[in-house]
Amino acid sequence: MVLGSCASVQVGAAFAAQLFPAVGPAGATTLRLTTAAVLLMVWVRPRVRHWTRRQWGPVLAFGGALAGMNSAFYAGLERLPLGPAVTIEFLGPLTLAAVLTRRRRDLLWVVLALAGVVLLGFGGGEGATALDPVGVVLVLVAGTLWAAYVLLSARVGAAVPGQSGLAVASVVAAVLVLPAGVATAGTALLEPWLLLAGAAVGVLSSVVPYSLELAALRRLPARTFGILLSLEPAVAALAGLAVLGQALGLHAVLAIALVVVASAGAMGASRRPQA
């Protein structure tokens, strides 16, 4: 589930970057979250009438994290290549994994994954030596909100059965980003081809990965989930190559090997019974 989420969200991000010339980052974020919210509400049809405050609280916070994370990341992606952008953003959940770890062995996988993402982002390749500082700050903000998303996903999954929490949180996120999207893109958001493209991005970047991740978080501890997400920079580099034509150098190949080993180690450790 985590692997499928990584692949889907990074291919979706690569396609979303191609919408920036037409609607800008805020417009692309609005298209992504709005179409995802509509699709999820039709599919899930959540029954919220009897929800309690203990259920609404995590869902509303989750929606806010989704809105902020996506808005900051797309704004940063306008200024940074996809591989380095995801690498920097990943520092958020990676730090969370390090904070939550309780065994030295888990910390070793975190350190190994950190070496991989640093090498991937700053060890050479197109755009790796001239990163826009504003873009870096925006993506760091997105990474911080990504760490919050990991924690809130687990709370939503525990408080609300099925995908109802995700569906409602997506509506909250869409409402929050809509004003900025309309202000920057205007009536372009209603163009049929952009609506279709936005729906595709919404499915790839929101519906599929968030559904998979919520299900995964019901089966994995948050720290293991965070370590497994170390595959994100590697998958982003491959998506950049396939969709955006960004070539991979030797440093990138080595970085991919490091994060794959770290992820495999984390998966193996999570399957061993606790003493």
Side-chain angles (χ1 to χ4, degrees), residues 5 8-44 46 48 59-80 82 85-86 89 92 132 134-135 137-146 148-149 152-153 156 163-211 213-214 236 239 243-244:
S5 169
S8 183
V9 74
Q10 296 309 328
V11 172
F15 281 116
Q18 298 179 333
L19 299 179
F20 290 172
V23 295
T29 304
T30 300
L31 285 171
R32 167 184 172 175
L33 292 178
T34 301
T35 55
V38 171
L39 291 172
L40 282 169
M41 289 296 289
V42 171
W43 175 35
V44 177
V48 301
V59 170
L60 293 175
F62 190 35
L66 288 177
M69 177 179 69
N70 286 288
S71 297
F73 179 71
Y74 276 15
L77 188 59
E78 186 182 31
R79 298 169 175 267
L80 300 175
L82 180 60
V86 175
E89 186 193 26
D132 183 285
V134 176
V137 171
L138 287 168
V139 175
L140 283 173
V141 171
T144 302
L145 291 170
W146 191 2
Y149 155 78
L152 289 168
S153 293
V156 170
Q163 305 298 323
S164 296
L166 171 63
V168 176
S170 296
V171 173
V172 173
V175 170
L176 290 175
V177 302
L178 185 61
V182 172
T184 57
T187 57
L189 294 173
L190 301 178
E191 293 285 341
W193 75 271
L194 283 173
L195 288 174
L196 182 60
V201 171
V203 170
L204 289 171
S205 297
S206 296
V207 178
V208 172
Y210 293 159
S211 297
E213 288 173 8
L214 276 176
V243 181
L244 303 175

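All residue numbers refer to positions in the sequence shown, counting from 1.
With sequence neighbours excluded, the residues forming a side-chain contact (heavy atoms from CB on, under 4.5 Å) with Leu189 are Val23, Thr30, Leu31, Val182, Ala185, listed by chain and number. Partners of Thr144 by side-chain contact (heavy atoms from CB on, under 4.5 Å), not counting sequence neighbours: none found. Shown here are the side-chain contact (heavy atoms from CB on, under 4.5 Å) partners of Ser71, two or more places apart in sequence or in another chain: Thr29, Val177. A search for side-chain hydrogen bond (donor to acceptor under 3.5 Å, both in side chains) contacts involving Ser5 returns Glu213, not counting sequence neighbours. Taking the side-chain contact (heavy atoms from CB on, under 4.5 Å) definition, one finds that Val203 meets it with Leu39, Val208, sequence neighbours left out. When the ring-ring contact (aromatic ring centres under 6.0 Å, His included) test is applied to Tyr74, the partners found at least two apart in sequence or on another chain are Phe20.
Closest heavy-atom contact between Leu19 and Ala28: CB-CB, 4.4 Å. Contact between Leu80 and Ala85 at its shortest, heavy atoms only, is CB-CB, 4.1 Å. When every heavy atom of Thr184 is checked against every heavy atom of Ala26, the shortest pair comes out as OG1-CB, 3.5 Å. Across all non-hydrogen atoms, the minimal contact from Leu82 to Ala236 is CD2-O, 3.6 Å. When all heavy atoms are compared, the tightest approach of Ala167 to Pro46 is CB-CG, 4.3 Å. Between Leu33 and Ala67, the shortest heavy-atom contact is CD1-CA, 4.2 Å.
In this structure, the side chains of Phe73 and Val86 come closer than 4.5 Å at one or more pairs of heavy atoms.
One distance of note links CG of Leu77 with CG of Asn70; it measures 11.5 Å at 0.5 Å rounding. Here the OG1 atom belonging to Thr35 is positioned 11.5 Å from the CG atom belonging to Leu194, to the nearest 0.5 angstrom. Residue Leu166 holds its CG atom at 5.0 Å from CG of Leu40, rounded to the nearest 0.5 Å.
The closest donor-acceptor contact from the side chain of Ser8 to the backbone of Pro209 lies at 3.5 Å or more, if one exists at all. Although no hydrogens or angles enter the test, the distance criterion places no donor-acceptor pair under 3.5 Å between the side chain of Ser205 and the main chain of Gly202. Between the side chain of Arg79 and the backbone N or O of Val134 there is no donor-acceptor pair closer than 3.5 Å.
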Checking side-chain contact (heavy atoms from CB on, under 4.5 Å) for the pair Val168/Phe62: CA distance, chi angles, key distance, verdict?
CA-CA 9 Å; Val168 176; Phe62 190 35; over 6 Å; no

